[in-house]
Student: 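This is the structure I have questions about; it appears just below.
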Protein chains: 2
Amino acid sequence: MSAKGQPVTLGEVAKAAGVSIATASRAINGSTRRVSEDIRKRVQETADRLGYLPNLSAQAVAKGASSTVAVVVSDIADPFFSAIAAGVMRGANEAGLVVTLAAADHTPQNELDIVRTFRSQRPRAIILSGSRSVADPNQALLDEQLEAFASTGGKVVLISQSPSPFDVVELANREGARELARVLVERGGQRFGIVTGPQRLMTNRDRVAGFREGLEESGTSLETDAVVEAEFSRDGGYTGLRTLLSRVPEVDTIFATSDVMAIGAMTALRDLGKTPGKDISIAGFDDIDTARDVTPTLTTVVAPLADMGYRAVKLAIDPDAARDPQVLKVNTSVIVRESTPVRERASA
Amino acid sequence: MSAKGQPVTLGEVAKAAGVSIATASRAINGSTRRVSEDIRKRVQETADRLGYLPNLSAQAVAKGASSTVAVVVSDIADPFFSAIAAGVMRGANEAGLVVTLAAADHTPQNELDIVRTFRSQRPRAIILSGSRSVADPNQALLDEQLEAFASTGGKVVLISQSPSPFDVVELANREGARELARVLVERGGQRFGIVTGPQRLMTNRDRVAGFREGLEESGTSLETDAVVEAEFSRDGGYTGLRTLLSRVPEVDTIFATSDVMAIGAMTALRDLGKTPGKDISIAGFDDIDTARDVTPTLTTVVAPLADMGYRAVKLAIDPDAARDPQVLKVNTSVIVRESTPVRERASA
DNA sequence: CTGTTAGCGCGTTCAA
DNA sequence: TTGAACGCGCTAACAG
């Protein structure tokens, strides 16, 4: 039983059941189920008995279509992406699809290599999560790959920003940040600062721009020095905050363009002897799980990350494949927690 | 260019280059590279020009071996598993392998289904992360599947507990917890409590047992009521802590069997009006990223999660496949942070 | 070194 | 309804 051997093939099942391979195929997979019930039963039984499992690769070759969806993330250990991945996996599972995953590690070149490898797998769809970059020299090559993939019947879904020739699940970054700014002004914020990830990423651009708009609509503005760019990570939030405070020590409210950065910034604040949520208000974006477990709990913009991944799959397997590219806008909402208490206004 | 079409096949490349398919195959893949340099170059060029990408499924069928590693996790959104997955992906990437991922959602039945699906993919290896359960009725069926997979040339690596008929990457749960207990006693802990995940999971068993040992070796003991079992999650930590404190209000030091639980427990403490790291010490296990960002920063046992995933892949692609099952023990270390200050001993 | 032939495991025509 | 034959894209054995 446990001697080295080869997997059971459909042919062996067929022979053991005394039918042809074609019949066995129909009985087990039954694309158009036209096989007598007793035969079907007999074949199924011998298949079970022999422990037959269809060879997905062979099926893919024969059918010319696989049952795989390929997903690119920047970093699976980042809660932002792991939440998206969780949603994708749920959706894929419901659809009987297999998920293959690769991490681009924030490097456009890797992203390109990954997409090439993915194309070799002939997946049904490729889902790209992660922000688009502006003026990325690799972008053209990447688009070319995706275009080619799409032109051979593959589906491309971006969890990113429109406009795009492909389907896009797009988070309302700008609107979310704008609403957040309004809320923070309402709560008494007067001197604002921003710690943001690289501005070449559209996500950061939009969040900063939206926040700015929100401030202006509320009659407040942002000093030039009050926007600090750093790595789009926890450590970036840490260093970014230090830079910000050294430049503009009198800020009372800080917006970090992601929760991950905000959490790093909060730690930095404490290391500077200040108490986040008391000395200085701070808010993030995304509402990752950890946001409610840090102290103070973090005010943020809720992004339904898992849901976005789930919807991306749904878009990908949409039967109406010939339709025009679709943009699925995902709305956000602001959730106020302890990190942004109501501040008393300094008397004018 | 962007009209619907089929992917370029090796045959088309061969024809365009004026060589046979076999030659084209050798030129591009070159298992045993014995093809004249100029031909190789010409074929490669036409392949690039045509945008040819090998069909991995077809290769897998022809070779009888795929270039895929399949990974089972409980929940990819859990930082414990996403860290492991990150390591796996890095290792797979280095080896030119594709990673397929599935989430069992803490359900043994799902795990079984996933392994079956994975077997259909004929991956080179299946990596199972997540603790083994004791007395799991599905365990036999699962082992049967894995056994069958292994007997047909597949490699199985468990990130779990020995003993096992397969390769195992095993974290020193017991030893780590034991050392943690010693450290906590040294720092003045006297009345201990434990919030643990389900005891059917070996991970929790080992961590609790190890902690107990460490206490006993330090001349301390644990009251019966002081061990509370709850869900192995953030929320489990939250509810578990409340139960614990209602049963044994006078505990001064708490061990949660994972950082995720510890973080939930800390939040629960605060909701009860107590300050973690002051009124009550608390420590976790795993050292997930968040451990250093909560307040107070969390004392814990460092588990090199990403490294474990990485090593699991290395084991899986070990050329010496015929060797006996191997156990790779992974050591831990205790890192003391703010959540467990030195406590003054109550005078005896 | 190259081309021809025979598979790999499976789906799907086409007759029977 | 069933089976024989062919094809999917590719690799590997065998000749030349």
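So that the names make sense, note that chain A is the first sequence line, chain B the second, and so on, each numbered from 1.
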Student: I need the CD-P distance between B/Q121 and C/dG9, as an integer number of Å.
Tutor: 17 Å

Student: State, without any angle test, whether A/T68 and A/Q121 hold a side-chain donor-acceptor pair at a distance under 3.5 Å.
Tutor: no

Student: Would one find a side-chain N or O of B/S25 under 4.0 angstrom from OP1 or OP2 of D/dT11?
Tutor: yes

Student: Just how large is the angle between the end axes of the helix from C/dC1-D/dG16 to C/dA16-D/dT1, five pairs per end, to 10 degrees?
Tutor: 40°

Student: Looking at OG of B/S131 and CE of B/M202, how far apart are the two atoms once the value is rounded to the nearest 0.5 Å?
Tutor: 7.0 Å

Student: Could you state the atom-to-atom distance from OH of B/Y52 to C1' of D/dG9 in whole Å?
Tutor: 8 Å

Student: For A/A17, is there any backbone N or O sitting under 3.5 Å from a side-chain donor or acceptor partner on A/R42?
Tutor: yes

Student: N/O contacts under 3.5 Å, protein versus nucleotides 13-16 of chain D?
Tutor:
| from | atom 1 | to | atom 2 | distance (Å) |
| --- | --- | --- | --- | --- |
| D/dA13 | N6 | B/R26 | NH1 | 3.2 |

Student: What distance do B/D75 atom CG and B/F80 atom CZ have between them, rounded to the nearest 0.5 Å?
Tutor: 12.0 Å

Student: Applying side chain to side chain donor-acceptor pair (under 3.5 Å), can you list everything that pairs with B/R132, at least two apart in sequence or on another chain?
Tutor: B/D143

Student: Rounding to a whole Å, what distance do you find between A/L53:CG and C/dC10:C1'?
Tutor: 14 Å

Student: So what does B/I39 touch, heavy atoms closer than 4.0 Å: a base, only the sugar-phosphate, or nothing?
Tutor: sugar-phosphate

Student: Within the distance-only criterion (no hydrogens, no angle test), does the side chain of A/S66 pair as donor or acceptor with the backbone N or O of A/R122 below 3.5 angstrom?
Tutor: yes

Student: Which atom pairs, donor and acceptor, lie under 3.5 Å between side-chain atoms of residues 7-16 of chain B and protein residues at least two apart or in another chain?
Tutor:
| from | atom 1 | to | atom 2 | distance (Å) |
| --- | --- | --- | --- | --- |
| B/T9 | OG1 | B/G11 | N | 2.8 |
| B/E12 | OE2 | B/T9 | N | 3.0 |

Student: In residues 54-66 of chain B, what residues come within less than 4.0 Å of DNA chain C, judged by heavy atoms?
Tutor: B/V61, B/A62

Student: Figure out the CG/P separation between A/L10 and D/dG3, and round it to whole Å.
Tutor: 12 Å

Student: Does the side chain of A/S82 come under 3.5 Å of the side chain of B/S82 through a donor N or O and an acceptor N or O?
Tutor: no

Student: Check this for me: does any side-chain nitrogen of one of A/D167 and A/R323 sit under 4.0 Å from a carboxylate oxygen of the other?
Tutor: yes

Student: Determine whether B/F166 and B/K155 satisfy the following criterion, side chain to side chain contact (heavy atoms under 4.5 Å, CB included), listing intermediate values before the conclusion.
Tutor: CA-CA 8 Å; B/F166 310 109; B/K155 200 97 179 57; over 6 Å; no

Student: Would you say A/N29 places a side-chain N or O within less than 4.0 Å of OP1 or OP2 belonging to C/dC10?
Tutor: no

Student: Side chain to side chain donor-acceptor pair (under 3.5 Å) with B/T107: which residues, sequence neighbours excluded?
Tutor: none

Student: Relative to A/F149, does A/R119 satisfy both conditions: NZ or CZ under 6.0 angstrom from the six-membered ring centre, and within 45 degrees of the ring's axis?
Tutor: no

Student: Using whole Å, report how far CZ of B/R119 lies from P of C/dG9.
Tutor: 15 Å

Student: Whether A/T23 contacts D/dT2 is assessed here as follows: a side-chain N or O lying under 4.0 Å from the phosphate OP1 or OP2. Is that the case?
Tutor: no

Student: Rounded to whole angstrom units, what separation is found between the CD1 atom of B/I21 and the C1' atom of D/dA12?
Tutor: 14 Å

Student: Between atom CD1 in A/I28 and atom C1' in C/dC10, what is the gap in whole Å?
Tutor: 11 Å

Student: Specify the separation, in whole Å, of atom CZ of A/R122 and atom P of D/dC8.
Tutor: 14 Å

Student: Please determine whether a side-chain nitrogen or oxygen atom of B/S36 lies at a distance below 4.0 Å from atom OP1 or OP2 of C/dC1.
Tutor: no

